[in-house]
Amino acid sequence: MGTCGEKTVQLRMGLKILASNEHSAEAAILPSAAWHLVWALGTMKKETGEVLVDGLCGGGTKSLNFTEMKIGYTGEGDMTILPAEAYCNLQVDLTGEQTAEYACARIRAHLDAHGCADVSVEPA
């Protein structure tokens, strides 16, 4: 599969929803940064790979990818927590005169329109 542009930028998207990690037993009553980030990502592409963010490549070209995700405990052994924060890195293939700032603005508008105003997006 090709990309639609010759320039690629990396963006960081994420949120901190709690002051600190909580025990997983609290998951029934506290909000989840992990699920919120997954839901936000789910609004950005169709299952067919078509990008749904207005202004970022058309024609179904797969120009948006997330390349890394950090959610919760990543140390040795198991830990049952409800993570306070969740982040991912996005790779965006740009066309023409598009810039990282342009891509951030388009993704910001998309997130706002889909109820994800608390999810940040910035150049990585």
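Source: prediction; values computed, not measured. Only heavy atoms go into these numbers, but all of them, side chains included; no hydrogens, no water, no symmetry mates.
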Nearest heavy atoms of [X] and [Y], plus distance in Å:
{"X": "K7", "Y": "Q98", "answer": "NZ-O, 2.6 Å"}
{"X": "A33", "Y": "L15", "answer": "O-CD2, 3.7 Å"}
{"X": "G55", "Y": "Y102", "answer": "O-OH, 3.0 Å"}
{"X": "L94", "Y": "A103", "answer": "CD2-CB, 4.0 Å"}
{"X": "V51", "Y": "S63", "answer": "CG2-OG, 3.7 Å"}

Is it the case that one hydrophobic cluster holds both V9 and L41, taking links as side-chain heavy atoms less than 4.5 Å apart, direct or via other members?
-> yes
So if you build clusters from Ile, Leu, Val, Met, Phe, Trp, Tyr with side-chain heavy-atom gaps below 4.5 Å, do W35 and I29 land together?
-> no
At what distance, to the nearest 0.5 angstrom, does [atom1] of [X] lie from [atom2] of [Y]?
{"X": "S32", "Y": "E22", "atom1": "OG", "atom2": "CD", "result": "12.0 Å"}
{"X": "L90", "Y": "I107", "atom1": "CG", "atom2": "CD1", "result": "5.5 Å"}
{"X": "E50", "Y": "T48", "atom1": "CD", "atom2": "OG1", "result": "5.5 Å"}
{"X": "E68", "Y": "Q10", "atom1": "CD", "atom2": "CD", "result": "9.5 Å"}
{"X": "F66", "Y": "R12", "atom1": "CZ", "atom2": "CZ", "result": "14.5 Å"}
{"X": "E26", "Y": "I81", "atom1": "CD", "atom2": "CD1", "result": "13.0 Å"}

Side-chain contact, heavy-atom cut-off 4.5 Å: [X] with [Y]?
{"X": "M13", "Y": "Y87", "answer": "no"}
{"X": "D118", "Y": "L111", "answer": "no"}
{"X": "L82", "Y": "L18", "answer": "yes"}
{"X": "L52", "Y": "M44", "answer": "no"}
{"X": "M69", "Y": "I71", "answer": "yes"}
{"X": "V53", "Y": "L64", "answer": "yes"}
{"X": "L11", "Y": "V92", "answer": "yes"}

With sequence neighbours excluded, what pairs up with R108 under the side-chain hydrogen bond (donor to acceptor under 3.5 Å, both in side chains) test?
-> D112
With T80, which residues qualify under side-chain contact (heavy atoms from CB on, under 4.5 Å), at least two apart?
-> H23, S24
Criterion side chain to side chain contact (heavy atoms under 4.5 Å, CB included) on D54 and R106, from CA distance to verdict = CA-CA 7 Å; D54 288 338; R106 299 315 310 148; 3.8 Å; yes
For the residue pair D93 and T8, confirm or rule out a side-chain donor-acceptor distance under 3.5 Å.
-> yes
Hey, is the main chain of A109 close enough, under 3.5 Å, to the side chain of H114 for a donor-acceptor pair?
-> no
